[in-house]
Amino acid sequence: MSGRVDKTYSMEESQRGQGDREDQRSLGNGKHARSQSPLKFFAEAKKSINDVFKDIAEYVKESHAFLSALPEECQCDKAKSVEEFGNMIQGIIEVLTRNHMKVVFFGRTSNGKSTTINAMLRNKIMPSGIGHTTHCFIQVEGCDSSDGFLLTEDSDQQKSISDIKQLASALSKVKLKENSLIRILWPKQKCKFLREDVVFLDSPGIDVTPDLDDWIDKHCLDADVFVLVANAESTLMQTEKNFFHKVSNRLSKPNIFILQNRWDISVGEDDPEEVEQVKEQHYQRNVEFLADQLKVVDRQEAKNRIFFVSAKETLISRLHEDNKTPTPHGSLQRNYQERAFAFANFETAFEICISKSAVKTKFEKHSQRGRNITSSLKSIMEETYQKCQLQGEKLQDVKGEKASELDFLEKQTLILTTEMKDKIKAMVEEVERKVAYAMNVEINRLSVLVEDFDRPFHPDEMVLRVYKKELHAYVEDGIKINLTGRCTAQLVRAVQTVEMHMRDRLSALLPEETKQNLDSMLPKNQFEIAYRLDCRNLCADFQEDIQFRFSFGITALMERFLGPKGVHTVLTGKGNTIPRPIPGQAQDNQILVGVITTFASVSSRTTMGALIIGGMVAKVTGWRIIAVVGALYGVLYLYERMTWTNKAKERSFKRQYVDYVASKLKLIVDLTSANCSHQVQQELTSTFARLCNQVDISKQGLENEITELDKEITKRREISLKGKTLRNKADYLDKTLDGFIKKFLGQKDS
Ligand code: GDP
């Protein structure tokens, strides 16, 4: 043994250290039954975090789809980051599925690094031997296939495991770079460490002047545990210490185990006390190195990181144990069990340490990032939910306003319709009154109108027919013109006033933007009243009487006293019947009619009778008087006969015509005025209906808006419900991650 004992180290400390170490020797050579490997902790954590992140990925996908479909007013500013979150989560999932526990073995050449790895793998996978010096990194990791194979950095081609010696050997002709990596993919089922995702990395001897910084950058930054395989025959060298100083500068508090290998050599020493002293000295120096110099653990913990083992013996023992063959004599030294326990203890401590550390290094950062993402998503969903809720409430308010607007419009339209009906009715009555009055005035003034008709008059029947025709037209036009002058302007103004009133009243009910539409609803052409008189038909039966009649003729005199009816009675002889007594004046007339009837009947029966009467009168008054009276009568007759010219006939005709037309027109006064009022009524009613149509359009518009608002409100409600669900889901994921952190990372407050 080349290790020298430091005599200053006290026995007490030595005993205490021994006691601590004894405590660790609870396990045999690694085959002892254990309830559950500490490595399961990592596997469980890995599964758990992978499951959570898969859920988060699903959630992010769902959220992204939900947020992208949101209406603009419900969009949240931070929503754009959801897509980024999706990419981040995918990246994390990829890293997480690739994640494993990594242990790196360092130490001087031939200290037994490869042998230690082989012992742990219970298989001679790594090339080892005195003559063999590994000049590159060799990583052993699990694979699912039943046979192992090699992979080098420069190609994807799988190589045979047997090539490892040639590839990794410093003596090989095929030279690989110092920091290059050879991967050994070894079947997982053959080794529990590989099964639980532990990756072993063997390094070239640290004493081969390596570029340590390059090593660390390339191979050590993701390492969970460093195992320094030291040679128990010598103390730690400065190169070994330098390496770990560099590592602890780059990684915060790296997990370092020191295996004092080749401890089987100590069996050959004669002085057991000195062996113990050497052991204690190694302890002290290693504890000092870990706790005081590197400061990666405290002194107490440092003692649990140092193990005195024999990798070679452990490997031999395990290989034979697995092959169920006895170990060759002399291959295991005295007190082998002690070193086997130490190796098993190292493995247990290593398992606990690496799984805890790996969970922390591999999952802590990701779980924190995951939590940041879930809490961001939670706040995005909360904001979205709130916005949708607010939007929904706003839309509800708008809908309420629109509904009351519609209600107001309906009620006001109803009130206005009643009011307008009354107004139209009043207007119609007014028109009827005015037109009737104007027509009566015109009937009274008919003679003036007829008088002004200046067509040449001729009593010839043919000429007279044309004359009458023209006169009918003239009278009709004249009355129409006069009625128009009298009423139309006034009535049209009144109608327009009512129409404007309608428009103004309805306009007050309509929204600003549709008000101007009302103007286009008003009639384009000015309303005009048509007076339908149709004098031609009305006066078709007019029969003039322009025969000469002597004013003092017997018939005329009878007419004068009896009226045309009395004359008719006398002339037709129907007056012989005993007249019905009529009181007063009527009675006198009856007597007179009786006398003259008798006289006329006598005179008409016989000229002889007339002569007799004339003789009787002449006898009483004398012939001279009779002659004078007869002469005067004859002169009078002649005069009247002379003056019965066309002019006189025209006057008579017109007089008769005026009387006739006036009587006929009087019959149609009510009809005409009713017709005019009907026109006005139609005009106003149709105008009001057109104006109301605009109100109907507005009402329809409001109803459509309300329907649309209802749809939007339902949509918002659904969105906000979904937002709420997603917020709760984000909260659930956040809590799940929090639970993961508490369970696997041991943090109380996250
Ligand atoms: P490495 O260069 O650090 O990988 O060292 P190796 O594992 O290749 O070992 C070098 C030599 O040391 C081999 O011949 C091993 O058999 C031998 N060796 C390894 N471990 C022990 C041990 O615990 N005891 C003894 N006696 N020899 C060992």
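In each ligand, atom 1 is the first atom listed, and ligand 1 is the first ligand listed.
Between E313 and S331, the side chains place no donor N or O within less than 3.5 Å of an acceptor N or O (distance only, hydrogens not considered).
Where the criterion is an N or O separation shorter than 3.5 Å, residue side chain and backbone included, A311 meets it with respect to ligand 1. The shortest N or O to N or O distance between N111 and ligand 1 is under 3.5 Å. Note: no N/O pair closer than 3.5 Å links T109 and ligand 1 by distance alone. No N or O atom of W263 sits closer than 3.5 Å to an N or O atom of ligand 1.
For ligand 1, the atoms lying closer than 4.0 Å to a non-hydrogen atom of D264 are 22 (C), 23 (O), 24 (N), 25 (C), 26 (N). Residue-ligand proximity, R108 to ligand 1, at heavy-atom distances under 4.0 Å covers atoms 3 (O).
Remark: K378 pairs with D731 by the side chain to side chain donor-acceptor pair (under 3.5 Å) rule, at least two apart or across chains. Taking the side chain to side chain donor-acceptor pair (under 3.5 Å) definition, one finds that E382 meets it with Q386, R727, sequence neighbours left out.
The nearest non-hydrogen atom to atom 2 (O) of ligand 1, considering only S110, A232, G112, comes from S110. Nearest-heavy-atom check against atom 16 (O) of ligand 1 across Q333, R339, K312 picks out K312.
In K253, the NZ atom is not crowded: 12 or fewer heavy atoms of neighbouring residues, nucleotides or ligands sit closer than 6.0 Å.
Looking at T115 against ligand 1, both its backbone and its side chain come within 4.0 Å, counting heavy atoms. The part of I265 lying near ligand 1 is the side chain, judged by heavy-atom distances below 4.0 Å. Contact annotation: for M126 versus ligand 1, there are no heavy atoms closer than 4.0 Å.
Note: F226 and F244 have perpendicular aromatic rings, judged against thresholds of 30 and 60 degrees for the angle between ring planes.
Taking the ring centre of F149 as origin, the terminal cationic atom of K159 falls outside the region bounded by 6.0 Å and 45° from the ring axis. Note that K218 lies outside the cation-pi zone of W215, set by a 6.0 Å cut-off to the ring centre and a 45° limit from the axis.
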